[in-house]
Amino acid sequence: MDLHSDLYGKALLDFHQGNYTEDIIVLSATMEDDVLPLPYLFRPYDQMPILEKKALQLSKGSVLDIGAGAGSHSLYLEEKGLEITALDQSPGAIQVLQERLEKSNSKVVQENIWDHKQQYDTILMLMNGTGIFSKLQKVSSCLEKLKKLLQRNGQILIDSSDLRFLYEDEEDGGLWVDPSKEYYGEVSFSLQYKRTESASFDWLYMDYELLKSYATKAGFEVELVEKGAHYDYLARLSIS
């Protein structure tokens, strides 16, 4: 991936370098199009949702921030003195992270998470962390790989949302979803920035009980840490 195809990274770099003129548009065939404001990706701790604040409060030891983006979470943990590895695949995000994270206890890594080998006390997967599983059929194998990245007594702090409310019939409680999907939380998105659209990618939202079922089968202890105001939640997966 280079900056010509890296719309997300290009947008982050524009904002970071003072060239902010517009936001990212998130396009979907199954959900309403949405706007991802660039200032939100650079938000300080006091502007973060309660679920993110709680996850940062619970972070300990060496921390892997998956999909670190502009580095808002890594920056806060760096200031707390934790040992941070900020990981992202986007070249633009990596450049922003390298310029924003300056202390000796932080490391920036451009890599696909499924190729990563180091071990950590805490793995952060925020802003719908289950999204990187992409499809329900991949969840079990992804959780097994993540487990290998944890130190003994390590934890994964992961958030997601239950999209059931988008498809539920108010009268009979039934779900009106695409029968070709294995699960209603499977969606596809593309990004549009400055009149250029990215390739489509799969993204997975998981309700808590479903995540708990898969994580328990993978050998994790699972805890519902906090519920948000919009069908979202923060969970902690741990191993002993």
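All of these numbers come straight from a predicted model, not from anything done at the bench. Along the sequence shown, the residues carry numbers beginning at 1.
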query = If you round to the nearest 0.5 Å, how far is CG of Leu149 from OH of Tyr120?
reply = 7.5 Å
Mutual orientation of the aromatic rings belonging to Phe201 and Trp203 [parallel < 30°, tilted 30-60°, perpendicular > 60°] = perpendicular
query = Looking just at side-chain N and O atoms, do Asn128 and Thr130 make a donor-acceptor pair shorter than 3.5 Å?
reply = yes
Nearest non-hydrogen partners of Ala93 and Asp6, listed with the distance = N-OD2, 4.5 Å
inquiry  = Do Pro39 and Tyr20 have side chains that approach each other closer than 4.5 Å (heavy atoms only, starting at C-beta)?
reply    = yes
message = Tell me whether Ser213 contacts the main-chain N or O of Glu209 through its side chain, where contact means a donor paired with an acceptor under 3.5 Å.
response = no
message = Using 30° and 60° as the class boundaries, would you call the ring planes of Tyr231 and Phe165 parallel, tilted or perpendicular?
response = parallel
Exam field: side chain Asp202 to backbone Lys135, donor-acceptor pair closer than 3.5 Å = no
ask   = Any ion pair linking Glu52 and Arg43 (charged N to carboxylate O, less than 4.0 Å)?
value = yes
key: Val222 and Arg236, any side-chain heavy atoms less than 4.5 Å apart   = no
inquiry  = Just verifying a value: how many Å separate Leu13 CG and Glu99 CD, rounded to the nearest 0.5 Å?
reply    = 7.5 Å
key: Distance, nearest 0.5 Å, that separates CG of Leu64 from CD of Glu83   = 11.0 Å
key: Flag side-chain contact, heavy atom, 4.5 Å: Leu12 against Leu41   = yes
query = If Ile, Leu, Val, Met, Phe, Trp and Tyr residues are connected whenever their side-chain heavy atoms lie under 4.5 Å apart, and connections chain through other members, are Ile123 and Met206 in the same group?
reply = yes
request  = Check the pair Asp207, Tyr183 against side chain to side chain donor-acceptor pair (under 3.5 Å), reporting the backbone distance first and the verdict last.
outcome  = CA-CA 10 Å; Asp207 67 87; Tyr183 172 62; 2.6 Å; yes
query = Taking C-beta and beyond as the side chain, do Tyr184 and Arg164 meet within less than 4.5 Å on heavy atoms?
reply = yes
ask   = Atom CD of Gln98 and atom OG of Ser106: how far apart are they, to the nearest 0.5 Å?
value = 12.0 Å
query = Does the cation-pi check pass for Lys53 over Tyr45, that is, NZ or CZ under 6.0 Å from the six-membered ring centre and within 45° of its axis?
reply = yes
query = Any luck finding a side-chain donor-acceptor pair between Thr122 and Gln155 under 3.5 Å?
reply = yes
task = Take Leu126 and His73 through the test side chain to side chain contact (heavy atoms under 4.5 Å, CB included) and record every step on the way to the result.
result = CA-CA 9 Å; Leu126 300 180; His73 303 129; 3.8 Å; yes
Hydrophobic cluster identity match, Leu27 and Tyr40, side-chain contacts under 4.5 Å = no
message = For a 4.5 angstrom cut-off between non-hydrogen side-chain atoms, does Leu136 reach Glu186?
response = yes
key: Heavy-atom closest pair, residues Ser28 and Ser188   = OG-O, 3.3 Å
query = With no hydrogens and no angle check, is any side-chain donor or acceptor of Arg100 less than 3.5 Å from a backbone partner on Ala70?
reply = yes
Shared hydrophobic cluster for Val139 and Leu163 (ILVMFWY, side-chain gaps under 4.5 Å) = yes
ask   = Got a sec: does the NZ of Lys227 have more than 12 other heavy atoms crowding it under 6.0 Å?
value = no
task = Please examine the side chains of Glu111 and Gln89, heavy atoms only from C-beta on, and report whether any two atoms are closer than 4.5 Å.
result = no
task = Can you establish whether the number of heavy atoms outside Gln192 located under 6.0 Å from its atom CD is more than 12?
result = yes
key: Shortest non-hydrogen contact between Leu124 and Ser59, atoms and distance   = CD2-OG, 3.6 Å
query = Ignoring hydrogens and geometry, is there a side-chain-to-backbone donor-acceptor pair from Asp23 to Leu38 under 3.5 Å?
reply = yes
query = Do you know which two heavy atoms are closest between Gln119 and Ser62, and how far apart they sit?
reply = O-OG, 4.2 Å
inquiry  = With no hydrogens and no angle check, just 3.5 Å: does a side-chain donor-acceptor pair link Tyr208 and Asp232?
reply    = no
request  = Indicate yes or no: at least one non-hydrogen side-chain atom of Leu146 is less than 4.5 angstrom from one of Trp114.
outcome  = yes
inquiry  = So does Leu191 get a backbone contact from the side chain of Ser198, meaning a donor-acceptor N/O pair under 3.5 Å?
reply    = yes
request  = Flag the pair Thr85 / Val108 as yes when at least one side-chain heavy-atom distance between them is below 4.5 Å, and no otherwise.
outcome  = no
query = Checking Asn105 side chain against Leu82 main chain: does a donor-acceptor pair fall under 3.5 Å?
reply = yes
query = Quick one: CE on Met125 to CG on Asp65, what's the gap to the nearest 0.5 Å?
reply = 11.0 Å
query = Are Leu101 and Leu56 connected in the hydrophobic side-chain network, where two residues link if heavy atoms are under 4.5 Å apart?
reply = no
task = Answer with yes or no whether the hydrophobic clustering places Leu237 together with Tyr214; edges join I, L, V, M, F, W, Y residues whose side-chain heavy atoms lie under 4.5 Å apart.
result = yes
note = Closest heavy-atom pair, Lys10 versus Tyr193, reported as atoms and distance to 0.1 Å, is CG-CE2, 4.0 Å
ask   = Given Val35 and Val26, is the side chain to side chain contact (heavy atoms under 4.5 Å, CB included) satisfied, shown in steps?
value = CA-CA 6 Å; Val35 176; Val26 182; over 6 Å; no
key: Derivation of the side chain to side chain contact (heavy atoms under 4.5 Å, CB included) call for Asp162 and Tyr233   = CA-CA 9 Å; Asp162 186 353; Tyr233 64 89; 5.7 Å; no
query = Nearest heavy-atom pair of Leu51 and Gly228: which atoms, and what distance?
reply = CD2-N, 3.9 Å
inquiry  = Show, in sequence, the C-alpha distance, side-chain angles and deciding distance for Leu87 and His116, and conclude whether the side chain to side chain contact (heavy atoms under 4.5 Å, CB included) test is met.
reply    = CA-CA 9 Å; Leu87 182 146; His116 198 60; 3.7 Å; yes
ask   = Within the side chain of Asp88, is there an N or O that forms a donor-acceptor pair under 3.5 Å with the backbone of Gly69?
value = yes
message = Can you tell me if Lys80 has over 12 outside heavy atoms packed within less than 6.0 Å of its NZ?
response = yes
task = Would you give the length of the straight line joining atom CG of Asp159 to atom NZ of Lys54, rounded to the nearest 0.5 angstrom?
result = 14.5 Å
